[in-house]
Number of protein chains: 2
Amino acid sequence: MTVPTIDDVAAAAGVSKATVSRVISGTFTHIRPETRRRVEEAIAALNYRPSAVARSLTSHRTNTVGMLVSDVANPFYGDVIHGVEDEGIAAGYNVLLANTNYDLDRGMALIRSLIDRRADGVLIMSSSGSDAWLRELAQAGMPAVVLDWAGRKSEQVSRIEVDFRPGIAEAAAHLLELGHKRFGHIAGPLTLRTSRDRRDAFLDALAEGGVARDRALVATGPLTIEGGREAWRLLREEARTPTALFCANDLMAIGALSAARSEGLRVPGDLSIIGLDDIWLAPQFDPPLTTVALPRYEIGKLAMRLLLKLLAGAAPERQVVVTSLVIRKSTGAP
Amino acid sequence: MTVPTIDDVAAAAGVSKATVSRVISGTFTHIRPETRRRVEEAIAALNYRPSAVARSLTSHRTNTVGMLVSDVANPFYGDVIHGVEDEGIAAGYNVLLANTNYDLDRGMALIRSLIDRRADGVLIMSSSGSDAWLRELAQAGMPAVVLDWAGRKSEQVSRIEVDFRPGIAEAAAHLLELGHKRFGHIAGPLTLRTSRDRRDAFLDALAEGGVARDRALVATGPLTIEGGREAWRLLREEARTPTALFCANDLMAIGALSAARSEGLRVPGDLSIIGLDDIWLAPQFDPPLTTVALPRYEIGKLAMRLLLKLLAGAAPERQVVVTSLVIRKSTGAP
DNA sequence: CTGTTAGCGCTTTCAA
DNA sequence: TTGAAAGCGCTAACAG
C-alpha cells in the first residue's frame, strides 16, 4: 500500500501532473471546472495528500515557523502558545514547538535543526537566549521575533517588550486607594534585572502617591512559594509590619499568604496581597488573588503577527506590551 | 547571500557531490581522510547546512516524530514531553509538539499536517482522541503510540496504559496503617471511566483491609480546586465525617484541604488527605501533599521507545505503567 | 575510494 | 486551458 504521488493522481484523472499541481495549489483561475472536478475526484479516490517535503523543495517555503520556549510546562507559555497557534493557523502556518529546557546549547541545537528544516522563521520566547542564536539565524537569513530580552539589535529581528510599570502602578494606586499606610514588597533575587525593575516600579508608584521610598519594607527571596513564605517571615519581624503587600510573582504571593494565614492573619482583613503573573492558580486560590496580569494570549498573537510581517518583507520593529491589574479578593481596606 | 547547496560545497572542495553527501551523512568508512578534511573545510567555510527537506525527499525519512497533547500548558505533560525529547534526541529524532486544545477537529488537522510533512510516526498523548485519527494514520501507513485510551486496536499502533490500582492500593493501606476508621473519597464526575476506576480501586483496597464498601463515603464534583471544596462540604454534613480522604486528583485534594481548614480542621491532625497526580504544586503546598504519582518522565521515554521499535519494524505492543504513593505531610494518625 | 547517473514528488516557465 | 520539460538539493545504486 504505497503512498500515492501526484503522478498517480494525474494518471487516474487522465491529465498531466502540472494540472494536478494547479488544482492542489488552488490556482483554479485557468482550469476548466470539469477538469478540476475529475482531478478532485481522483484525489479523493486515492486519498492523496501532497507531500509537504516535495512542495517545500521546489517552493523554497515550508509554511512552518519554529517557536522556542524555555519550558513548555511553564504555565506562562500556555496562553502564549495558543495565541501563536491561532494566529499561525489563520495564516496557514504550522508551528513547531520546541523546548530549550533553559539550556543554551540545547537551544542552539534546536535553532540549527530549524535552519536545517528550512523553517520560514522563528519565535524566540524563552526567557533567556544567547546572541549566538541570533547570529546563527542571521547567517541563515532566517527572520525571528524575540520576547523581552535586551540582546544586540540585528537585522531581521523584531522585538516584543513587556512593560510591567502600568500594572504595578495600578497595584500601588489600588492599595493606596483602599487606605493602606504600611506597605511591603516581596522581591525576587535582586541579581535579576526584572526583580529590580518590579521593585522600583512599585516604590516609584508609591512615591508618587506620597509614600517615601524608605517607608516601604522590602524583603527578597527565590521566586517560589517557599520563597514567599520566608520573605514574609522577614517582613513580619519588622516594627511596622505592612498591611499591604505587593509580590514579585504569584507564587511568592501565595507563599506569603499561606505564611501570614498560618500566623492567624486574615486576608484581606489584616493583610492585602497582590501578586504578578496571573497564573491559573490565582483565580482558584482562596481567596482569589488580586494580581498584575500580562496579556499572554495577545503576546502570542502579536509575536506571530510580527513574524508574518517580517516574512512579508517588512522591516524589523519593536512593540511594547503593557500589563494591568486584575482585582480579586485578596485585597481590601486595612 | 544565497544559501549554499551541496554543489557549492562540492565545487569548493573539488570533489563530486556524492562525496560531500557521504561526508555529511557520516558514511566515513570509505573516504580518504584527506578528502574528508577538504570537504569539511569547505562546509565550514561556506557555513553549509544540508537541507533536511531535500534529504527527506530522497531518503523517505524525516527523522521527525509528531507528539500530540491536549494542552501543553497542562502540567501533566511537562515531564512527559521531557521524557519523549530526551529519548528522541538520543536516537536522532526531532519532536514536533502539537496542541490539540481538546479539540478533535484540531487534532485531525494536526494529524493531516503530520502526514503531509511525512513525519516518521506520531505519539498521541492527548487524553482523548477519535478513532478517525487512527484511521487516518493507518491509511497513511504512519505508526503511532497512544497513551491510555481504549480505542479500537489497529495495526501499527502501540499502547501505553496507566494502572492506578497499585498506587491507590498503597494509599488505602497507608491510611489503614495510620489507624484511620472513617474514610471518604472525593471522586471526579462518574460519567468518566477514569473516575469510576479510581473510586473502585480505592473502595476495593479498603475492602481488602476490612472496610466494607458502604462504610466509605463518596462525594463527587468537577476535577478542580473548587470541585474539591464543594465535595468536602457534602462529606462534612454526613454523620460519620471521615478522618481520611482520598481524592481523584491533586486539585480536588487541595480544594478539600482548603475547605476543611477554613472550617478549623487541622491537616493532618484532624483530617488526612491524599491526592493523585503529583502536580508541581503538591510538594510546595502547605502541608506538602501525600499523593499517588505517575512516572510521567518514564511514560514519555517509554512512549518514544515504543515508537522507535515500531519504526524499526517491530510489531505493535501494549505496555502497562504502574503508579505509586508518595508520602508527604498531609497524612498522619487520626 | 570517488564519480556518474537517475531519480524523490512537486512547481514553474514556456509552448502548444 | 493544458502539457512538456527542467529543475529544487540531496541520496543511492552502479561503475570505475
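In the text below, chain A, chain B and the rest are named by the order of the sequence lines, each starting its count at 1.
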For B:Thr19, answer base if it contacts any base atom (sugar-phosphate contacts may also be present), sugar-phosphate if it contacts only those atoms, and nothing otherwise; contact means non-hydrogen atoms under 4.0 Å.
sugar-phosphate
Take the protein atom CG of B:Leu57 and the nucleotide atom P of C:dT11, then report the distance between them rounded to whole Å.
12 Å
Distance test, side-chain N/O of A:Arg55 to OP1/OP2 of C:dT11, below 4.0 Å:
yes
Of the options C:dT2, D:dG3, C:dT12, whose atoms approach the side-chain atoms of A:Val15 most closely?
D:dG3
Exactly one candidate in B:Leu147, B:Val157, B:Val146, B:Thr100 meets side chain to side chain contact (heavy atoms under 4.5 Å, CB included) with B:Ile124; the answer is B:Val146
Under a 3.5 Å threshold, yes or no: a donor from one side chain and an acceptor from the other, between B:Tyr77 and B:Ser70?
yes
In whole angstroms, the gap separating C1' of C:dT11 from CD1 of A:Ile31 amounts to 13 Å
Sorted by position of nearest nucleotide on DNA chain C, 5' first, the leading residue of A:Ala54 and B:Lys17 is B:Lys17
With B:Ile81, the side chain to side chain contact (heavy atoms under 4.5 Å, CB included) member among B:Val95, B:Leu97, B:Asp86, B:Leu123
B:Leu97
Do any side-chain nitrogens or oxygens of A:Ser21 fall under 4.0 Å of OP1 or OP2 in C:dC10?
no
Measure the distance from CD on A:Glu34 to P on D:dT1 and round it to the nearest whole Å.
14 Å
Rounded to whole angstroms, how far apart are CZ on B:Arg49 and P on D:dC10?
12 Å
Report which part of the nucleic acid B:Val53 touches: base, sugar-phosphate, or nothing (heavy-atom distance under 4.0 Å, all strands).
nothing
Ranking D:dC10, C:dT4, C:dG9 by distance to the side chain of B:Ala18, first place goes to C:dT4
Round to the nearest Å and state the distance from A:Arg117 atom CZ to D:dC8 atom C1'.
18 Å
Ignoring the backbone of A:Arg22, work out which of C:dT11, D:dG3, D:dG9 is nearest its side chain.
D:dG3
For B:Arg61 and C:dC8, what is the distance between atoms CZ and P respectively, to the nearest whole Å?
18 Å
Exactly one of B:Thr64, B:Val65, B:Asp120, B:Asn63 clears side chain to side chain contact (heavy atoms under 4.5 Å, CB included) with B:Asn94, and that residue is B:Thr64
Given D:dA4, C:dG7, C:dT2, which nucleotide is nearest the side-chain atoms of B:Thr58?
C:dG7
Length of the line joining B:Asp116:CG and C:dG9:C1', which is rounded to integer Å
13 Å
Among C:dT11, D:dA4, C:dG9, the nucleotide that comes nearest once only the side chain of A:Ser16 is considered
D:dA4
Which pair of heavy atoms, one from B:Ile31 and one from B:Val23, lies closest together, and at what distance?
CD1-CG2, 3.7 Å
Touch check for B:Thr35, heavy atoms < 4.0 angstrom, all strands: base, sugar-phosphate only, or nothing?
sugar-phosphate
In whole angstroms, how far is the P atom of C:dG3 from the CZ atom of B:Arg36?
17 Å
